[in-house]
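We name chains A, B, ... by the order of the sequence lines, and we start the count at 1 in each one.
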Protein chains: 2
Amino acid sequence: MPEARVTSQDVARLAGVSQSAVSRVFTPGASASQATIDKVKRAATQLGYRPNPLARAMITGKSRIIGLVVAYLDNQFYPLALERLSNALQAKGYHILVFTTPNSGDGLDRIVGELMDYRVDGIITASVAMSNGMTQRCADAGIPVVLFNRGQDGDGQSSVTSANIDGGRKVASFLAAGGHRRIAHIAGWSGSSTGRDRARGFTQGLAAHDRLPLDVIDGMYTRDAASQATRSLMARADPPDAIFVGNDHMAFAVMDTLRGELGLRVPHDVSVVGYDDVPLAGWAAYDLTTLRQPVNRMVEATVDTLLDQIETPGSLPEKIEIQGPLILRGSARIPKDWTQ
Amino acid sequence: MPEARVTSQDVARLAGVSQSAVSRVFTPGASASQATIDKVKRAATQLGYRPNPLARAMITGKSRIIGLVVAYLDNQFYPLALERLSNALQAKGYHILVFTTPNSGDGLDRIVGELMDYRVDGIITASVAMSNGMTQRCADAGIPVVLFNRGQDGDGQSSVTSANIDGGRKVASFLAAGGHRRIAHIAGWSGSSTGRDRARGFTQGLAAHDRLPLDVIDGMYTRDAASQATRSLMARADPPDAIFVGNDHMAFAVMDTLRGELGLRVPHDVSVVGYDDVPLAGWAAYDLTTLRQPVNRMVEATVDTLLDQIETPGSLPEKIEIQGPLILRGSARIPKDWTQ
DNA sequence: TATTGGATTGCATACGTTTGCAAACAACGA
DNA sequence: TCGTTGTTTGCAAACGTATGCAATCCAATA
């Protein structure tokens with residue numbers, strides 16, 4: 001015998017007031033006298049009343065739901081971000097509708113449609129780029145979008161990333177200062193701004209030391225491509241003595257391939273540096289030197305700018321970049337007197 | 001200039017029919033002539049009309065939203081399950097509202113309240129147990145619940161797990177047959193059915209070989225507790241030569257501690273066996289022998305039984321156990337002639 | 001005491017859909 | 001031609017809330 005849902009009508013009847021009064025008591029910023037507030041609250045707790053967010057959404061047009069689109073759930077970085085985002089948004093009274101999608105554009109299109117159906121108040125895409133068409137659709141519908149860990153040209157779009165170019169530069173300086181002779185880069189997917197920016201920063205950083213990368217290969221953000229790239233690099237006549245890998249997830253594959261398959265030692269034969277600093281990077285099995293993306297601060301910034309755009313009409317999209325430090329561990333030779 | 005939302009009224013006007021007709025065309029199983037179907041569909045695509053799921057939910061009481069409650073997102077097993085669940089449910093036209101919670105009971109209580117507010121059609125809890133009170137609340141509200149990777153006594157509750165007792169037995173036989181003399185167990189959290197069942201099966205399995213576990217320590221499903229347990233085990237006068245760990249996530253910590261901190265070799269000095277077979281277990285750095293939980297089949301079973309209870313009124317909760325194989329890798333000595 | 005103005009309240013409508021009901025209609029055999 | 005049956009259709013009432021408007025209240029001022 002399912003218990004009947006209790007509505008604001010029921011509360012109103014019990015409290016001896018009108019339904020509107022009940023509504024006002026539960027609507028922040030509405031006017032009600034202390035006397036009615038008391039009566040209503042008492043009746044409400046007695047009946048176990050809670051406002052129906054769906055009905056509320058119908059009226060106000062605000063669902064208090066945020067759509068989260070995420071692609072790479074096998075990369076530890078994203079579950080972590082998801083968890084933090086979820087907690088931060090829950091604390092602000094929002095909830096998360098998740099969509100998983102391959103990064104290819106066609107599924108995403110359908111998803112954006114469904115998100116708009118549900119009248120989500122905002123959208124966060126983690127490591128997923130939106131086409132201009134989709135951006136436009138969301139803008140037309142008045143739904144703010146924040147790209148998490150992905151940038152996009154043009155300024156209709158909010159995004160939160162780490163300072164990828166700068167990060168690439170830091171890694172380059174670090175490896176150059178470490179006395180490495182032949183430094184290669186297995187890059188993040190060239191279809192992503194993060195991948196491109198890190199690669200660009202890296203090349204710039206080497207150039208500042210009058211050096212060129214030995215090679216740059218697209219690792220597609222997958223283990224397979226990264227392993228393959230590692231093999232082809234090490235098969236060269238002049239194999240690299242250091243590899244900067246576009247993210248930790250690939251860096252683990254690189255290390256697995258170097259050590260397990262090719263029998264090389266890290267960092268004795270080859271130094272490896274990653275990007276992200278996921279928890280696994282700190283585990284003894286990898287002990288990976290890597291450039292940290294500060295998840296917490298990125299999440300904070302994402303939530304702040306998204307809620308700002310939702311709740312403060314007229315606030316503009318912004319592109320936020322967050323600096324991250326290089327975390328020194330055992331997978332790469334550390335230059336003497338390295339203080340930076 | 002946000003484009004005005006197009007409603008069934010607009011479509012009706014354009015198609016020259018009543019609003020109800022439009023609704024019937026978009027409601028599966030409602031009656032409408034081919035002529036009106038055509039007219040309405042044409043008008044709908046012309047205007048870009050899509051039914052509003054929130055308004056629909058108000059009437060029908062069905063939101064087509066599933067609440068997913070998840071605790072351990074740093075254990076690779078759960079992001080994977082989340083991804084699969086999300087895909088399977090999306091394919092059936094459902095969507096996932098995620099809630100993250102620590103496993104302690106108080107936050108969960110609030111979450112169940114919010115889930116009921118949103119009139120979710122069903123709830124999946126991943127590795128989170130629900131108190132009897134919460135189970136009852138959901139039952140009263142007519143919301144089916146499926147526990148994923150966690151069991152619960154009493155039969156009001158659906159659950160999908162792997163065959164944990166059996167799995168524990170298999171590992172015991174394997175380690176016993178491998179000629180290990182002192183076999184210890186770092187168990188999953190004793191507050192969880194999975195942890196208890198695996199431990200029980202393991203003890204039973206050893207008993208079948210007339211053996212006793214050297215020791216059983218609760219690893220709490222955390223890396224820290226598992227590392228600590230490893231240290232205390234290896235500090236014994238008679239340290240184990242094999243450790244069965246309650247899940248892969250802890251097993252990695254155990255291996256890190258054994259190899260990195262204690263300078264031991266795996267499996268030469270100590271064999272390690274895990275439980276789950278997350279992708280990381282197959283990576284060269286760990287190469288972990290482990291009992292596989294077949295995520296795909298567990299997800300299928302979860303979705304099937306949940307949707308069954310949602311869509312077929314009167315269908316009963318069921319407890320499903322799925323067998324998994326032992327995956328042989330390099331972290332544990334393999335018995336001669338092992339065929340099982 | 002009469003007047004004013006602000007705070008509080010109820011009435012009624014709206015949000016966008018589904019669905020019971022009865023009217024309209026089409027098809028068909030008598 | 002006329003009932004009869006089964007299918008389509010429109011009307012109107014929900015679902016549970018927020019909110020503009022006008023009415024009411026209350027205290028404070030003149």
Side-chain angles (χ1 to χ4, degrees), chain A residues 2-41 43-44 47-65 93 116-121 141-142, chain B residues 2-41 43-44 47-65 93 116-121 141-142:
Chain A
E3 72 188 17
R5 287 298 309 186
V6 27
T7 76
S8 55
Q9 289 285 5
D10 304 329
V11 178
R13 216 171 355 250
L14 177 60
V17 297
S18 75
Q19 179 268 331
S20 345
V22 178
S23 169
R24 282 190 249 264
V25 169
F26 283 91
T27 306
S31 104
S33 72
Q34 195 56 46
T36 36
I37 291 183
D38 292 344
K39 279 190 294 187
V40 167
K41 289 241 156 150
L47 296 178
Y49 168 76
R50 310 187 55 170
N52 182 334
L54 267 51
R56 183 172 273 183
M58 286 233 48
I59 296 291
T60 62
K62 301 275 136 197
S63 59
R64 297 196 79 81
I65 294 180
M116 298 185 44
D117 287 349
Y118 272 96
R119 307 293 190 274
V120 293
D121 293 347
Chain B
E3 73 188 16
R5 287 299 307 185
V6 27
T7 76
S8 55
Q9 289 284 6
D10 304 330
V11 178
R13 213 168 0 247
L14 178 59
V17 297
S18 76
Q19 179 269 333
S20 348
V22 178
S23 169
R24 282 189 249 264
V25 169
F26 283 92
T27 307
S31 103
S33 72
Q34 194 55 46
T36 38
I37 292 183
D38 291 345
K39 277 190 295 186
V40 167
K41 289 242 155 152
L47 295 178
Y49 168 76
R50 310 186 56 170
N52 181 336
L54 267 50
R56 181 173 276 180
M58 285 232 47
I59 296 290
T60 61
K62 301 275 137 197
S63 59
R64 297 195 80 80
I65 293 180
M116 297 185 45
D117 286 349
Y118 272 96
R119 307 295 192 274
V120 294
D121 292 347

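- When each of A:Ala32 and A:Gln19 is assigned the nucleotide of DNA chain C with its nearest heavy atom, A:Ala32 is the one assigned upstream, toward the 5' end.
- Atom CD in A:Gln9 sits roughly 10 Å away from atom P in C:dC11 (whole-Å rounding).
- Residue A:Pro51 is in sugar-phosphate contact alone, with no base atom involved, counting any heavy-atom pair closer than 4.0 Å across all strands shown.
- With distances taken from any side-chain atom of B:Ser23 to the nucleotides C:dT9, C:dT19, D:dT17, the minimum falls on C:dT19.
- For the pair B:Arg56 CZ and C:dT18 C1', the interatomic distance rounds to 9 Å; values are reported in whole Å.
- Going from atom OH of A:Tyr118 over to atom C1' of C:dT17 covers 14 Å, rounded to whole Å.
- Note on A:Ser18: every side-chain N or O is 4.0 Å or more away from OP1 and OP2 of C:dT9.
- When heavy atoms are screened at a 4.0 angstrom cut-off, B:Ser33 is found touching the sugar-phosphate backbone but no base atom.
- As rounded to whole Å, 13 Å separates atom C1' of D:dT17 from atom CG of B:Asp117.
- Listed nucleotides C:dT18, D:dA18, D:dT19 differ in distance to A:Ser20; the shortest reach to its side chain belongs to D:dT19.
- Contacts of A:Val17 with the nucleic acid, taken as non-hydrogen atoms under 4.0 Å apart, involve only primed sugar atoms and P, OP1 or OP2.
- Minimum atom distance to the side chain of B:Ser31 is reached by D:dT8, of the listed D:dT8, D:dC11, D:dT17.
- Among the nucleotides D:dT17, C:dG10, D:dC11, the one closest to any side-chain atom of A:Arg24 is C:dG10.
- For A:Thr7, counting side-chain heavy atoms from C-beta on, the closest listed nucleotide (C:dT17, D:dT17, D:dC15) is D:dT17.
- Of the candidate nucleotides C:dC15, C:dT19, D:dT8, C:dT19 has the atom nearest to the side chain of B:Thr27.
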